[in-house]
Amino acid sequence: MAMATQNYLLCATLVYAAAILINPIACCGHSTTQRKLLFVFGDSLFDAGNNQYLTTGMKVPSCSFPYGIDFHNRSTGRFSDGLLVPDFIAKFANLHLEPPSLEPGANFTDGANFASAGGTVLPSTNYGGPLNLATQITDFKKVFSGLKQKLGKDEAKEVLMSSVILLSMGGNDYFSFNMKYPNSTVAQMTAYMHMVIGNLTNDLKEIYNIGGRKFGIQNVGPLGCQPGLLALYPEFKGTCATKILSHAHMHNIALSFELMKLKRELRGFKYALFDFFHALRDRILYPKKHGFEVGRVACCGSGPYNASFCGGGYDGKIAYNLCSNRNEYVFFDGAHNTQRTNHQLAVLFWNGTRDVSRPYNVKRLFDLP
Ligand SMILES: *[C@@H]1O[C@H](CO)[C@@H](O)[C@H](O)[C@H]1NC(C)=O
Ligand SMILES: *[C@@H]1O[C@H](CO)[C@@H](O)[C@H](O)[C@H]1NC(C)=O
Ligand SMILES: *[C@@H]1O[C@H](CO)[C@@H](O)[C@H](O)[C@H]1NC(C)=O
Ligand SMILES: *[C@@H]1O[C@H](CO)[C@@H](O)[C@H](O)[C@H]1NC(C)=O
Ligand SMILES: *[C@@H]1O[C@H](CO)[C@@H](O)[C@H](O)[C@H]1NC(C)=O
Ligand SMILES: *[C@@H]1O[C@H](CO)[C@@H](O)[C@H](O)[C@H]1NC(C)=O
């Protein structure tokens with residue numbers, strides 16, 4: 001395995017060197033080809049390992065081996081057998097994988113990852129350990145001050161303006177609301193959704209005010225279709241738990257209108273809205289269409305849908321199954337995709353057509369000045 005790790009690092013170095021050769025820094029007169037970095041905000045779908053470095057609050061959730069079995073063969077804090085969507089996006093953009101912002105001594109030359117498993121938009125649904133979006137923005141400001149010290153204020157802002165910001169947020173907000181209020185009315189669900197969207201909008205504006213211009217936003221996934229949710233709602237065997245699914249859908253419709261509004265209001269604001277909801281739901285319902293065998297049962301875990309305790313739970317002592325062919329499964333654990341699924345999703349986000357990533361895709365965001 002040490003060999004595989006070395007090979008990986010070597011490949012990454014070569015890719016980086018190639019990028020330098022193709023994109024010479026100095027070019028046309030006094031304007032220079034702008035370095036474009038990647039900054040990642042989000043929940044467990046995007047967390048490259050920040051939660052491992054949290055010292056305060058509850059250490060939730062944990063992810064130990066076999067998480068990471070297909071990437072370094074050890075847990076890196078990512079909730080998958082291997083890489084996540086932002087990792088693949090970084091590779092497609094010829095950047096190094098963005099390190100967790102909390103990793104001691106991390107190299108932020110290509111950007112940083114602020115995401116945190118369990119992360120929410122609303123501070124009130126946060127259980128103390130994970131970093132909610134506002135906290136992630138605070139961490140972003142720290143990394144950005146480092147960039148200002150290195151490049152000067154104006155140059156750093158220019159770099160940020162041409163860099164891409166990825167975000168995956170909201171799933172945990174809706175999950176916790178629906179667990180707490182299973183009998184909520186449509187009016188209560190709508191009011192909550194407006195609160196999430198209102199806070200998310202303010203957070204996006206804050207990143208814009210610092211200098212962020214290019215936003216790659218993944219909408220909320222098909223909550224209610226994942227093995228973990230199906231295990232909680234056994235009556236929806238074979239379909240999806242409808243109420244929580246409709247809450248996620250409601251959010252996604254509002255999000256798409258809110259982003260159009262932000263584009264009108266904020267000069268230079270550009271975005272790629274990735275329809276993660278439908279892309280993942282299609283893979284769960286019709287796995288074979290996408291080259292998978294199993295859509296609804298997790299590769300790693302125990303209990304109904306093998307949706308729980310991948311890695312053995314907090315103390316690692318609970319028995320669990322691990323499927324022999326990870327490539328046949330959409331889900332690695334009850335709520336998180338396999339690396340293969342993440343790769344497919346990242347390609348759609350990167351260069352998908354307008355039905356899945358709109359109005360731009362992430363590649364186009366990188367290509368724009
Ligand atoms: C991967 O790690 C596991 C657990 O530490 C170990 O049992 C296994 O032998 C390793 N596999 C390889 C190919 O190194
Ligand atoms: C989209 O990007 C992926 C990853 O770089 C690449 O393999 C694929 O060929 C691209 N597809 C199109 C249609 O450009
Ligand atoms: C950070 O990474 C870049 C790109 O590989 C490299 O040029 C630079 O020397 C690294 N910085 C440190 C402090 O390791
Ligand atoms: C929700 O409604 C069901 C059926 O009416 C009832 O059994 C349950 O106790 C209610 N749950 C809560 C948390 O109020
Ligand atoms: C943000 O969320 C809080 C609850 O945490 C809520 O009171 C507030 O109204 C929300 N803000 C907006 C702009 O919706
Ligand atoms: C859980 O995984 C084991 C081993 O892969 C498998 O035999 C079993 O059928 C799975 N459970 C469910 C509910 O599919």
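Both counts, for ligands and for their atoms, begin at 1 and track the order of listing.
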> Residues two or more places apart in sequence or in another chain: which of them pass salt bridge (charged side-chain N to carboxylate O under 4.0 Å, His left out) with Lys142?
Replying inline: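 Lys142 satisfies salt bridge (charged side-chain N to carboxylate O under 4.0 Å, His left out) with Asp139 once adjacent residues are dropped.
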> Asn202 heavy atoms, cut-off 4.0 Å: which ligand 5 atoms fall inside?
Replying inline: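 Near Asn202, the atoms of ligand 5 are 13 (C).
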> What atoms in ligand 5 come closer than 4.0 Å to a heavy atom of Leu122?
Replying inline: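 Counting atoms of ligand 5 from 1, those under 4.0 Å from Leu122 are 2 (O).
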> Any idea how Phe177 and His247 line up, ring-wise: parallel (<30°), tilted (30 to 60°), or perpendicular (>60°)?
Replying inline: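 Rings of Phe177 and His247: perpendicular, as their planes differ by over 60°.
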> Does a side-chain N-to-carboxylate-O contact under 4.0 Å join Asp70 and Arg340?
Replying inline: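 Here Asp70 does not pair with Arg340 in a salt bridge, since their nearest N and O are not under 4.0 Å apart.
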>> Between Glu158 and Arg35, does any side-chain N to carboxylate O distance fall below 4.0 Å?
In response: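 Not counted as a salt bridge, because no side-chain N and carboxylate O are separated by less than 4.0 Å.
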> Of Phe108, Phe41, Tyr53, Phe144, which is the lone residue that meets ring pair (Phe, Tyr, Trp, His ring centres under 6.0 Å) with Phe114?
Replying inline: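 When Phe108, Phe41, Tyr53, Phe144 are each tested with Phe114, the ring pair (Phe, Tyr, Trp, His ring centres under 6.0 Å) holds only for Phe41.
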> Do any pairs count as a side-chain hydrogen bond (donor to acceptor under 3.5 Å, both in side chains) and have a residue in residues 207-230, sequence neighbours left out, and if so which ones?
Replying inline: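 Sorted result for residues 207-230: Asn219-Asp275.
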>> Asn113: which residues meet the side-chain hydrogen bond (donor to acceptor under 3.5 Å, both in side chains) condition with it, sequence neighbours left out?
In response: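 So Asn113 forms no side-chain hydrogen bond (donor to acceptor under 3.5 Å, both in side chains) with any residue.
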List of N/O pairs, ligand 6 versus protein, all under 3.5 Å?
unit_1: ligand 6; atom_1: 2 (O); unit_2: Asn306; atom_2: ND2; d: 2.3
unit_1: ligand 6; atom_1: 2 (O); unit_2: Asn321; atom_2: ND2; d: 3.4
unit_1: ligand 6; atom_1: 11 (N); unit_2: Asn306; atom_2: ND2; d: 3.2

